[in-house]
Visitor: 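Take this structure first; my questions come after.
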Amino acid sequence: MLVNGHDYQYLPLLSISLSEMRAVEELPEKVKDEILPLFPLKGWMSAKTLDKAIERVERSFNKRPWITDIDSDFLEKSKREILVKEEAREVFHEIVALADSTDGYRNWCNFISSHDNLIPCIQTEVLTEVEVQISRLKRLGRRVVVYLKLYELNSRQLQKKLDTLENCALENEIFVIDVGDIDSKYTAELPAYLDILKHISDRFPECDIAVASTSFPYSFSGQRNGEASIYERQLFQSLSRSLAPKKLTYADHGSTRAGRMSGGSGTPPPRIDYALKIEWKFIREEFEDSRDIQEGEKHGLYKKIANEMIAKDYWIENLKLWGTQMIELTAQGDSYGITSAQDATAVRINLHLYQQLNYENDSDSHDTDEDWVD
């Protein structure tokens, strides 16, 4: 997938959240150069304005090109906040304004034009405003993305969007087809996914297509030491073979889930995940009494897990990433190691992004050192 003269092979769909921002920030610079992430726009933590979210992404990813959209969950939250609060944060008003379809999504187009490194997703909520929007965005001289979440669309809605887009003279745009959460039974849906991809490829032959999904588990309850297959890779390979010679680009959710987790109460049992190319290994420990966690107990369990993980056959001794170094610090009982589920999530994502970028690399060597610059 060629963007700004660079051929990208990996397109992770990530959130502007603490764990994901840290995971990306701690990647080697040469790894960041090779990924093209999609970050849907949302407010950053409790910041009052949207520019803080942009600043946080650029702190992690610098001024490299990245795809952006409007985070649909945050948009709905923004509408609710404005409705019930007289003085809702400015960021809520900013997001709602960006989603305003008036005059071919003029606000969205103006926002994109003010950030040179952003690659925009086409807003398709109001289809009558799509053609003018695409015309505006294409005048910026950048590639434009059609982001379709199949798990949120029925066949009729999908067809209407594609019919509208076909009338907009799409040429070298990028389709990101996201099938959302999958599991070991994904093969039952393969024919349907393949039909959709063939349909899009036939109607928009000059456009690139990326396919995304995620199979990261929603629950590890009752499990201590195990593994979870990365079915998104298997799905992608099956679709790629069937659609050849059309070339697909691999995308995923960066080892996060497509759906939202219901907020649980209390501290989750310590767990560390170790991302490999085709599976996630994990070790999990329960508290003696989750209602009465003793001082130092959580840190002690993370240390125990880290030491056990480093001793496993799957541990890659010569893989020197931030994620592996964090596990090693945890094994030493260092306070800068993993001390929370948030830290552990960032470690997993950091490792996952590296492994999936290097999926086709069969070498046992891992070049993660930064190039020296005089």
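Each residue takes its place number in the sequence, starting with 1.
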Visitor: Answer yes or no: is there an ion pair linking Glu166 with Arg203, defined by an N-O contact shorter than 4.0 Å?
Guide: yes
Visitor: Should the pair Asp273-Arg271 be classified as a salt bridge under the 4.0 Å nitrogen-to-oxygen rule?
Guide: yes
Visitor: I'd like to know if the side chain of Glu20 and the backbone of Ser15 have a donor-acceptor N/O pair within less than 3.5 Å.
Guide: yes
Visitor: Which value, rounded to the nearest 0.5 Å, describes the distance between Thr324 atom OG1 and Lys320 atom NZ?
Guide: 6.0 Å
Visitor: Rounded to the nearest 0.5 Å, what's the gap from CG on Leu162 to CG on Leu153? Could you check?
Guide: 9.0 Å
Visitor: Once rounded to the nearest 0.5 Å, what's the spacing between atom OG1 of Thr249 and atom CD1 of Ile174?
Guide: 8.0 Å
Visitor: Assess whether side-chain contact (heavy atoms from CB on, under 4.5 Å) is satisfied between Leu14 and Leu38, documenting all intermediate values.
Guide: CA-CA 6 Å; Leu14 301 170; Leu38 192 162; over 6 Å; no
Visitor: Tell me if the aromatic rings of Tyr359 and Tyr250 count as close, with their centers under 6.0 Å from one another.
Guide: no
Visitor: Does CD1 in Ile278 sit with more than 12 non-hydrogen atoms of other residues, nucleotides or ligands closer than 6.0 Å?
Guide: no
Visitor: Any salt bridge linking Glu55 with Lys52? Criterion: basic side-chain nitrogen under 4.0 Å from a carboxylate oxygen.
Guide: yes
Visitor: For ring-ring contact (aromatic ring centres under 6.0 Å, His included), just list the numbers for His352 and Tyr354, CA-CA rounded to whole Å, side-chain angles, deciding distance to a tenth of an Å, and then say yes or no.
Guide: CA-CA 5 Å; His352 178 89; Tyr354 175 83; over 10 Å; no
Visitor: Do the side chain of Gln133 and the main chain of Gln123 share a donor and acceptor less than 3.5 angstrom apart?
Guide: yes
Visitor: Tell me whether Asp313 is salt-bridged to Lys281, with the criterion being a basic N under 4.0 Å from an acidic carboxylate O.
Guide: no
Visitor: Judged by atom type as modelled, is there a donor-acceptor pair below 3.5 Å linking the side chain of Glu279 to the main-chain atoms of Lys277?
Guide: no
Visitor: Between Arg56 and Glu25 (salt bridge meaning N to carboxylate O under 4.0 Å), is one present in this structure?
Guide: yes
Visitor: Checking Tyr147 against Phe175 for the ring-ring contact (aromatic ring centres under 6.0 Å, His included) test, could you report, in this order, the C-alpha distance in whole Å, the side-chain angles of both residues, the deciding distance, and whether it holds?
Guide: CA-CA 6 Å; Tyr147 180 25; Phe175 278 81; over 10 Å; no
Visitor: Measure across Pro270 and Ile305 and return the closest heavy-atom pair with its distance rounded to 0.1 Å.
Guide: O-CD1, 3.4 Å
Visitor: Which residues, ordered by chain and number, are linked to Phe287 in its hydrophobic cluster, where ILVMFWY side chains connect at heavy-atom gaps below 4.5 Å, directly or through other members?
Guide: Ile293, Leu301
Visitor: So, does Glu297 use its side chain to make a donor-acceptor pair with the main chain of Glu295 at under 3.5 Å?
Guide: no
Visitor: Take Ile122 and Val145, measure what side-chain contact (heavy atoms from CB on, under 4.5 Å) needs, and give me the verdict at the end.
Guide: CA-CA 6 Å; Ile122 300 166; Val145 175; over 6 Å; no
Visitor: Measure the spacing between CZ of Phe204 and CG of Leu165 and express it to the nearest 0.5 Å.
Guide: 5.0 Å
Visitor: Are Tyr105 and Asp100 packed together at the side-chain level, in the sense that at least one heavy-atom pair is separated by less than 4.5 angstrom?
Guide: no
Visitor: Considering residues at least two apart in sequence or located in another chain, which fulfil the side chain to side chain contact (heavy atoms under 4.5 Å, CB included) criterion with Asn154?
Guide: Arg156, Gln157
Visitor: Given side chains that start at C-beta, do those of Ile316 and Leu276 come closer than 4.5 Å, heavy atoms only?
Guide: yes
Visitor: Decide if atom OH of Tyr151 counts as having more than 12 heavy atoms of other residues, nucleotides or ligands within a radius under 6.0 Å.
Guide: yes
Visitor: Under a 4.0 Å N-O cut-off, is there an ion pair linking Arg224 with Glu308?
Guide: yes
Visitor: Which heavy atom of Thr102 sits nearest to which heavy atom of Glu129, and what is that distance?
Guide: C-OE1, 4.5 Å
Visitor: Can you sort out the partners of Asn307 under side chain to side chain contact (heavy atoms under 4.5 Å, CB included), two or more places apart, ordered by chain and number?
Guide: Lys303, Ala331
Visitor: With no hydrogens and no angle check, is any side-chain donor or acceptor of Asp71 less than 3.5 Å from a backbone partner on Phe74?
Guide: yes
Visitor: Backbone N or O of His6 within a donor-acceptor pair of the Asn4 side chain at under 3.5 Å?
Guide: no
Visitor: May I ask you to test the Leu41-Ile54 pair for a side-chain heavy-atom distance under 4.5 Å?
Guide: yes
Visitor: Could you list all the ring pair (Phe, Tyr, Trp, His ring centres under 6.0 Å) pairs where at least one residue sits in residues 110-142, not counting sequence neighbours?
Guide: Phe111-His115
Visitor: State, yes or no, whether a side-chain contact exists between Arg22 and Ser19 at a heavy-atom distance under 4.5 Å.
Guide: no
Visitor: Over 60° means perpendicular and under 30° means parallel, so classify the ring planes of Phe282 and Phe220, tilted if in between.
Guide: perpendicular
Visitor: Got a salt bridge between Glu87 and Arg89, using NZ or NE/NH1/NH2 to carboxylate O under 4.0 Å?
Guide: no
Visitor: Quick check on Lys247: does its NZ atom have over 12 non-hydrogen neighbours (other residues, nucleotides or ligands) under 6.0 Å away?
Guide: yes
Visitor: Grab the two heavy atoms, one from Cys207 and one from Lys246, that are nearest each other, plus how far apart they are.
Guide: O-NZ, 2.6 Å
Visitor: Say you draw a straight line from CD of Gln9 to CD of Glu360; how long is it, rounded to the nearest 0.5 Å?
Guide: 8.5 Å
Visitor: Taking Asn110's backbone N and O only, do any of them form a donor-acceptor pair with Ser113's side chain (distance below 3.5 Å, no angle check)?
Guide: yes
Visitor: Nearest heavy-atom pair of Ala212 and Asp252: which atoms, and what distance?
Guide: CB-N, 4.1 Å
Visitor: Identify the two heavy atoms, one from Pro40 and one from Ile70, that lie closest to each other, and give their separation to 0.1 Å.
Guide: CB-C, 4.3 Å
Visitor: Pair Asp73, Lys42 - check salt bridge (charged side-chain N to carboxylate O under 4.0 Å, His left out), show working.
Guide: CA-CA 9 Å; Asp73 290 335; Lys42 60 187 288 189; over 6 Å; no
Visitor: Measure the spacing between CG of Leu11 and CG of Leu36 and express it to the nearest 0.5 Å.
Guide: 5.0 Å
Visitor: Is there a donor-acceptor pair under 3.5 Å between the side chain of Glu94 and the backbone N or O of Leu50?
Guide: yes
Visitor: Please test Tyr274 against Trp280 for ring-ring contact (aromatic ring centres under 6.0 Å, His included), starting from the C-alpha separation and ending with a verdict.
Guide: CA-CA 6 Å; Tyr274 190 71; Trp280 300 287; over 10 Å; no
Visitor: Tell me, which pairs form a ring pair (Phe, Tyr, Trp, His ring centres under 6.0 Å) where one or both residues lie in residues 28-53, sequence neighbours left out?
Guide: Phe39-Trp66
Visitor: So that I can tick it off, tell me whether Arg143 and Glu173 are bridged by a salt bridge, with the cut-off set at under 4.0 angstrom between side-chain N and carboxylate O.
Guide: no
Visitor: I would like to know whether Glu206 and Leu170 meet side-chain contact (heavy atoms from CB on, under 4.5 Å); could you show each step before the answer?
Guide: CA-CA 8 Å; Glu206 301 303 316; Leu170 296 188; over 6 Å; no
Visitor: Checking the side chain of Arg284 only, and the main-chain atoms of Pro269 only, is there a donor and an acceptor separated by less than 3.5 Å?
Guide: no
Visitor: Looking only at atom types and distance, does a side-chain atom of Thr49 sit under 3.5 Å from a main-chain N or O of Val91, one as donor and one as acceptor?
Guide: no
Visitor: Answer yes when Asp103 and Arg136 have at least one side-chain N-carboxylate O distance shorter than 4.0 Å, and no when they do not.
Guide: yes
Visitor: Hey, are the side chains of Tyr231 and Ser213 touching, using non-hydrogen atoms and a 4.5 Å cut-off?
Guide: no
Visitor: Ignoring hydrogens, what is the shortest heavy-atom contact between Arg348 and Ser255? Give both atom names and the distance.
Guide: NH2-O, 2.9 Å
Visitor: For Ala97, check side chain to side chain contact (heavy atoms under 4.5 Å, CB included) against everything at least two apart and list the hits.
Guide: Asn107
